[in-house]
Amino acid sequence: MNNRIETVVASIIEGVRNALTKNDVTFDEYRQGIKYLLANAASGELALLIDVFFNTTICNIENRTIGGSTSTLEGPYYLEDAPFVDGQLKLYQHDNGEPLILRGRVTDGDSRPVVGAVIDVWHSTPDGFYGGIHKDIPADCYRGKLTTNTDGRYHVRTTLPVPYQIPHEGPTGALLESMGRHSWRPAHVHYKVRKDGFHPLTTQAYFEGGAYVDSDCCEGVFTDNIKPEVRENGIRVVEYDFNLAPAASQAVKA
Ligand code: DHB
Ligand code: FE
């Protein structure tokens with residue numbers, strides 16, 4: 001007997017029973033629901049379906065319990081073995097996307113710089129695909145590891161990502177469409193910030209005023225992640241400072 005499984009699963013069952021009861025779901029609808037879930041699983045999209053609706057819930061819980069900067073979705077396209085880069089992410093072929101500078105500072109709970117933190121950065125191409133995942137874009141393009149300097153600072157040049165449409169031709173996209181929802185995420189840059197002794201931080205930057213910032217299909221946009229449109233010498237800059245919580249810390253729940 002596992003108490004945690006008993007508690008969480010009993011709550012899930014209660015939540016589903018309440019939803020069925022509240023909506024007077026018929027036996028036909030119940031059977032349709034089962035059929036849908038079987039078809040979704042058979043198509044290999046079960047993880048996508050669950051992530052679309054619940055990944056952000058887990059991020060919310062971690063944000064309440066861990067402390068440090070606001071974390072949000074990792075998404076399915078993080079690759080562990082991205083190369084260390086110095087000042088420039090590798091682009092693909094004739095990339096004519098808008099130049100973008102990512103920079104900022106990593107600090108600890110006492111606002112001291114975190115030196116030698118490793119920041120994985122990854123994002124879409126200027127036409128909405130990920131290196132090593134889609135088409136024939138090499139895995140070392142549009143992703144890389146940065147190291148913070150003696151002042152905790154990092155910076156790298158790349159090109160602006162665009163909104164990303166999650167796989168939408170299968171059962172998950174069909175479900176979103178029947179609910180009157182779209183399957184788009186706003187343009188975003190992913191970050192994973194790590195340093196021994198600190199809780200790893202996984203988060204994303206979004207672009208203020210950009211398409212879908214207010215209607216992310218994965219509901220992964222928090223106010224802290226929305227960055228204003230800043231230009232320096234005509235070049236877009238996203239300044240993102242990260243505050244790391246100590247490892248294994250559990251902030252007191254509000
Ligand atoms: C998905 C893709 C992303 O790039 C992301 O950041 C989050 C989710 C997805 O396909 O589910
Ligand atoms: Fe993404």
Side-chain angles (χ1 to χ4, degrees), residues 37 40-41 43-63 69-82 89-92 95 97-98 100 102 119-135 137-146 156 158-179 181-193 200-208 210-227 238 240 242:
L37 287 174
N40 191 301
S43 76
E45 283 195 353
L46 212 42
L48 176 68
L49 178 77
I50 295 171
D51 275 350
V52 165
F53 295 113
F54 302 112
N55 195 340
T56 291
T57 305
I58 305 296
C59 294
N60 271 317
I61 295 164
E62 295 217 323
N63 283 330
S69 293
T70 299
S71 107
T72 189
L73 314 174
E74 175 167 309
Y77 303 140
Y78 169 66
L79 296 181
E80 181 63 47
D81 295 328
L89 288 193
K90 192 166 159 195
L91 310 178
Y92 183 50
D95 181 318
E98 187 178 344
L100 171 69
L102 306 171
I119 308 179
D120 268 278
V121 173
W122 70 106
H123 63 79
S124 84
T125 62
D127 48 0
F129 302 101
Y130 281 85
I133 309 288
H134 301 117
K135 301 189 161 173
I137 309 157
D140 60 348
C141 291
Y142 306 93
R143 57 175 84 238
K145 288 179 165 63
L146 319 172
V156 70
T158 182
T159 50
L160 204 64
V162 292
Y164 174 79
Q165 188 168 29
I166 66 168
H168 61 286
E169 278 157 5
T172 307
L175 180 65
L176 287 170
E177 195 170 313
S178 358
M179 294 169 75
R181 298 195 192 180
H182 61 70
S183 48
W184 288 88
R185 305 211 62 233
H188 58 277
V189 177
H190 292 268
Y191 304 85
K192 188 190 275 290
V193 188
L201 171 70
T202 302
T203 194
Q204 302 185 24
Y206 305 97
F207 301 86
E208 190 172 45
Y212 311 115
V213 168
D214 297 327
S215 66
D216 177 12
C217 67
C218 293
E219 299 171 71
V221 180
F222 303 113
T223 349
D224 289 352
N225 307 116
I226 306 175
K227 301 300 166 189
V238 167
Y240 205 157
F242 303 111

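In listed order, ligands and their atoms are each counted from 1.
Of the protein's heavy atoms, Pro76 CD, 3.3 Å lies nearest to atom 1 (C) of ligand 1. Protein heavy atom nearest atom 9 (C) of ligand 1, with residue, atom name and distance: Ile166 CG2, 3.5 Å. Protein heavy atom nearest atom 6 (O) of ligand 1, with residue, atom name and distance: Arg185 NH1, 2.8 Å. Counting only heavy atoms of the protein, atom 11 (O) of ligand 1 lies nearest to Leu48 CD1, 3.2 Å. Regarding atom 4 (O) of ligand 1, its nearest protein heavy-atom neighbour is Tyr130 OH, 3.0 Å.
At a cut-off of 2.8 Å, His123 is not counted among the residues with an N, O or S atom near the Fe ion (ligand 2). Taking backbone and side-chain atoms together, Tyr77 has no N/O/S atom less than 2.8 Å away from the Fe ion (ligand 2).
The shell of residues lying under 4.0 angstrom from ligand 1, judged by heavy atoms, includes His190. Remark: distances from the non-hydrogen atoms of Asp51 to ligand 1 are all 4.0 Å or more.
Among Arg185, His188, Glu219, His190, the single residue meeting the side chain to side chain contact (heavy atoms under 4.5 Å, CB included) criterion with Leu73 is Arg185.
Residue contacts with ligand 1, taken as heavy atom pairs separated by less than 4.0 Å, do not involve Val52 at all. Using a 4.0 Å cut-off between heavy atoms, Ser124 makes no contact with ligand 1 at all.
The aromatic ring centroids of Tyr212 and His182 lie less than 6.0 Å from each other.
Counting just the N/O/S atoms of His190, the one with the shortest distance to the Fe ion (ligand 2) is named NE2. For His188, the N, O or S atom with the smallest separation from the Fe ion (ligand 2) is NE2.
Looking at Glu62 and Ser71, their side chains never bring a donor and an acceptor atom within 3.5 Å of each other. Side-chain atoms of Asn225 and Thr72 form no donor-acceptor pair, as typed in the model, at a separation below 3.5 Å. Asp95 and Thr125 are not linked by any side-chain donor-acceptor pair at a separation below 3.5 angstrom, with hydrogens and angles left out of the test. Between the side chains of Tyr77 and Tyr142, no donor-acceptor pair of N or O atoms lies under 3.5 Å.
Those atoms of ligand 1 that come under 4.0 Å of a heavy atom in Pro167, given as number and element, are 10 (O). Within ligand 1, the atoms closer than 4.0 Å to a non-hydrogen atom of Gln204 are 6 (O), numbered from 1 in the order shown. Close approach to Tyr164 involves these atoms of ligand 1, each under 4.0 Å from a residue heavy atom: 2 (C), 4 (O), 10 (O).
At least one side-chain heavy atom of Leu100 sits less than 4.5 Å from a side-chain heavy atom of Pro161.
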For Leu175 and Val52, run side chain to side chain contact (heavy atoms under 4.5 Å, CB included): C-alpha distance rounded to whole Å, both residues' side-chain angles, the deciding distance at 0.1 Å, then the answer.
-> CA-CA 11 Å; Leu175 180 65; Val52 165; over 6 Å; no
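Contacts of Arg143 classified as salt bridge (charged side-chain N to carboxylate O under 4.0 Å, His left out), with partners at least two apart in sequence or in another chain: none.
For Tyr78, the OH atom sits in a packed shell: over 12 heavy atoms of surrounding residues, nucleotides or ligands are nearer than 6.0 Å.
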